[in-house]
Amino acid sequence: MSTEFFTPILDIPKIHERARLAYYSGKTKSIAFRKEQLVQVGYLLKDNEQRFIDALKHDLGRPSQETVFFDFSPVYGEVRMAYENVEKWVKTYRADFNLNFFAMGPKMRAEPKGTVLIIAPFNFPVFLVLSPLVGAIAAGNAAVMKPSEQTPAFSALLAELVPQYLDPELYHVINGGIPEMTKTLELEWNHRNGRVARIIAQAAARHLTPLTLEVSCVGKNPVVVDPKCDITMTARRLLWGRFSNAGQICLSPEYVLVPEGFQDTLVEAMKEVYHSFYPEGPEKSDSFSRIVSEAHATRIKRLIDETNGTIVFGGQANVSQRYVAPTLVKDVKGDDVLMQEEIFGPVLPLVPVKSIDDAIAFINARENPLAVYVFSVDKEFQNKVFDNTESGAAVANETVISCGDGYYTGKHMFDEFTHLRVSIDNPAWVDKVALGFRYPPYKPSKQMQALSPALPSRPNKPQSSAIAGKRWGFWLAFAVIGAAGLMLIRSG
């Protein structure tokens, strides 16, 4: 791998300091400035679409249609959403009404965290860099991006374009491998966003840095198939979800739990779909991606070679070309090598089960997946699976495509890059009416007792109306006096 585009290690602390000083200049406090930078993110991509398509073709063998669908479209949506809503997101708002504190006028406001670090994986590099960047900019942060060293063409292009389109003091790109990443993680950031969870979490803990991890579940996403499903649709969506981006998608279906008596029917439908997807074979097709590196191709080939399941189609691999054929394997058992780790490649195991209950037990015997998929037109069947399993997402009759929501997008991403700052303004009359007891010398106070609400009644025991009545009587009087105090202040 060429390292010509790597950032010199000695420059990394300087980049961090530049971004930090730029943040403290106060430039990002302007909402107009944030909106200008958000638009520039969109045009960074729009003006250079073909260059990004070419870069991802080089890095991933990616068909252009997959790049537009998985990478470009979501980013444009994020830019538009943030641009249209950032003024609403940053508005100060009143805290929920609370009798104990209403007189102090408590308010909440979303404030930026500071200088943030965005670490992206290789599989959807445009989306997984620029979507968090949109959130960071909308929130008012400075941001440093660290794309994957496994996508060199994309990473070099990003480093070239960011200073041309965005504020060169606030927004930066660091490129490199393990040494550069190690140096980057040594520095103190106000927030981190990334996918290499354990390494990043350990580094963040040293500085008590808040962080967002792309996934907190394991990527072995199960599919449960009901024999009463739409068989053609099921086969198409399963193979599309597994073979898009050569299976290098965290939300890809990892294995299919299918009733024993229905497996062969599903296999035949999948064979027809496979031939319709790649009429001249996948190796010659311009609609099939490549594995990101020879090392990953070698790992996937080993899994195929060692499986005890029956290969229905595929199974070929050309490691030097980073090619692994779309592969379907049936009669896979729970202890098979294909079930021991996330495949993250174009290999789909079929695991026969006796019943829906066995399928649920199979899922629950493993770590919680990122998604559970169900193919069925029967709502009771869907609900039985979803209600008795746990996962990041529960999706019926689809794969990969979710609701487009979550901590990685829209307002949720904005929230990840901000903290809520509370403010109060407590008038002097509150001490005279309610909180004067807090000053020494201490003595018994009915007002202090009234601050504590009555607990809900014990089970099977009626609530004491006397206690509740005393508390509400006190606060009613407090509210009346408080309102009078406010009127006096305004009239004065």
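Predicted model, so just to flag it, every value in this text is computed and none were measured.
- Checked by atom type and distance alone, the side chain of D336 never pairs as donor or acceptor with a backbone atom of T307 at under 3.5 Å.
- Note that CZ of R34 and OH of Y83 are 14.5 Å apart. Values are rounded to the nearest 0.5 Å.
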Stepwise, does the side-chain hydrogen bond (donor to acceptor under 3.5 Å, both in side chains) test hold for E254 with N221? CA-CA 5 Å; E254 273 277 312; N221 307 311; over 6 Å; no
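- Between V162 and L44, some side-chain heavy-atom pair lies under the 4.5 Å cut-off.
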Under the side-chain contact (heavy atoms from CB on, under 4.5 Å) criterion, do Y171 and I137 qualify, and how do the steps go? CA-CA 9 Å; Y171 310 111; I137 291 173; 3.7 Å; yes
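- Closest of all the heavy-atom pairs between A55 and L157 is CB-CD2, 4.4 Å.
- A side-chain donor-acceptor contact under 3.5 Å links S252 to the backbone of G241.
- In this model, a donor atom of one side chain and an acceptor atom of the other lie less than 3.5 Å apart for D331 and Q263.
- Of the inter-residue distances, the one linking R290 atom CZ with Q321 atom CD reads 8.0 Å to the nearest 0.5 angstrom.
- Pairing each heavy atom of D59 with each of F154, the nearest pair is OD2-N, 2.9 Å.
- The main-chain N or O of T389 is never found under 3.5 Å from a side-chain atom of N364 such that the two would form a donor-acceptor pair.
- In terms of modelled atom types and a separation under 3.5 Å, the side chain of E49 and the main chain of L45 share no donor-acceptor contact.
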Going through the distances and angles, do I291 and Y323 end up as a side-chain contact (heavy atoms from CB on, under 4.5 Å)? CA-CA 6 Å; I291 304 302; Y323 170 77; over 6 Å; no
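- Looking only at distances, a side-chain donor or acceptor of K146 sits under 3.5 Å from a matching main-chain atom of G176.
- At a threshold of 4.0 Å, the pair E186-K183 counts as salt-bridged, since one of the basic side-chain nitrogens sits closer than that to a carboxylate oxygen.
- With rounding to the nearest 0.5 Å, the separation of CD1 in I356 from CD in E380 is 10.0 Å.
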Set out, in order, the CA-CA distance, both residues' side-chain angles and the distance that settles salt bridge (charged side-chain N to carboxylate O under 4.0 Å, His left out) for E306 and R302, then state yes or no. CA-CA 6 Å; E306 295 180 5; R302 176 184 60 80; 3.5 Å; yes
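- A donor-acceptor pair under 3.5 Å links the side-chain atoms of E180 to the main chain of G177, judged by distance alone.
- Closest non-hydrogen pair, V223 versus P253, comes out as CG2-CB, 3.4 Å.
- Looking only at distances, no side-chain donor or acceptor of H275 sits under 3.5 Å from a matching main-chain atom of E280.
- With hydrogens and angles ignored, the 3.5 Å screen pairs a side-chain donor or acceptor of N190 with a backbone N or O of T115.
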Chi angles and distances behind the salt bridge (charged side-chain N to carboxylate O under 4.0 Å, His left out) call for K91, E87: CA-CA 7 Å; K91 278 185 178 178; E87 281 143 330; over 6 Å; no
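- Side-chain contact between S148 and P121 is absent, with no heavy atoms from C-beta onward closer than 4.5 Å.
- The number of heavy-atom neighbours closer than 6.0 Å to CZ of R366, taken from other residues, nucleotides and ligands shown, is above 12.
- Between the side chain of S244 and the backbone N or O of W240, at least one donor-acceptor pair lies under 3.5 Å.
- Using modelled atom types, one finds a donor on one side chain and an acceptor on the other under 3.5 Å when comparing D226 with S376.
- For the pair R242 and I343, the minimum side-chain heavy-atom distance is below 4.5 Å.
- When all heavy atoms of G315 and T327 are compared, the closest pair comes out as N-OG1, 2.8 Å.
- More than 12 heavy atoms of other residues, nucleotides or ligands sit less than 6.0 Å from atom CD of E341.
- Put simply, the side chain of F124 reaches to within 4.5 Å of the side chain of N245, judged on heavy atoms.
- Under the ring pair (Phe, Tyr, Trp, His ring centres under 6.0 Å) test applied with F313, the options Y274, Y278, F277 reduce to a single match, Y274.
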Decide yes or no on salt bridge (charged side-chain N to carboxylate O under 4.0 Å, His left out) for E260 and K354, but give the supporting numbers first. CA-CA 6 Å; E260 291 176 344; K354 295 183 182 298; 3.6 Å; yes
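- Rounding to the nearest 0.5 angstrom, the gap separating the CG atom in L328 from the CG atom in L348 is 6.0 Å.
- Between the side chains of D230 and T232, no donor-acceptor pair of N or O atoms lies under 3.5 Å.
- For the 3.5 Å distance criterion, the side chains of Q382 and D378 fail to qualify, holding no donor opposite an acceptor.
- Between atom CD of residue E149 and atom OG1 of residue T151 there is a gap of 8.0 Å, rounded to the nearest 0.5 Å.
- Remark: the N175 side chain and the T7 side chain contain no N/O donor-acceptor pair separated by less than 3.5 Å.
- More than 12 heavy atoms of other shown residues, nucleotides or ligands fall within 6.0 angstrom of atom CZ in R299.
- Residue pairs meeting the side-chain hydrogen bond (donor to acceptor under 3.5 Å, both in side chains) criterion with at least one member in residues 65-75, sequence neighbours excluded: R62-T67, R62-D71, E66-S289.
- Residue Q150 comes nearest to S293 through the heavy atom pair OE1-OG, 3.8 Å, listed as atom of the first residue, atom of the second, then distance.
- Counting only distance, with no hydrogens or angles, the side chain of K330 and the backbone of V267 share no donor-acceptor pair below 3.5 Å.
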Let me see the working for N397 and M233 under side-chain contact (heavy atoms from CB on, under 4.5 Å), right down to the final yes or no. CA-CA 8 Å; N397 298 311; M233 179 195 73; 3.8 Å; yes
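- A cation-pi arrangement is found for K46 relative to Y76, the charged atom lying closer than 6.0 Å to the ring centre and inside a 45° cone about the ring normal.
- In this structure, the side chains of L133 and L166 come closer than 4.5 Å at one or more pairs of heavy atoms.
- F72 meets the ring-ring contact (aromatic ring centres under 6.0 Å, His included) test with no other residue; sequence neighbours excluded.
- Taking CD1 from I360 and CG from D387, the interatomic distance works out to 9.0 Å, rounded to the nearest 0.5 Å.
- Applying the 6.0 Å contact sphere to CD of Q50 captures more than 12 heavy atoms from other residues, nucleotides or ligands.
- Between K271 and V312, some side-chain heavy-atom pair lies under the 4.5 Å cut-off.
- Here the closest heavy-atom approach between residue A138 and residue A82 is recorded as CB-CB, 4.2 Å.
- Side-chain contact between V351 and V256 is absent, with no heavy atoms from C-beta onward closer than 4.5 Å.
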So F362 and M339, side-chain contact (heavy atoms from CB on, under 4.5 Å) or not? Walk me through it. CA-CA 11 Å; F362 191 96; M339 301 302 297; 3.9 Å; yes
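- Between F243 and F288, the angle of the ring planes goes over 60°, which puts this pair in the perpendicular group of the 30/60° scheme.
- Residue E272 places its CD atom among 12 or fewer non-hydrogen atoms of other residues, nucleotides or ligands, all under 6.0 Å distant.
- With a 4.5 Å cut-off on side-chain heavy atoms, R237 and F375 count as touching.
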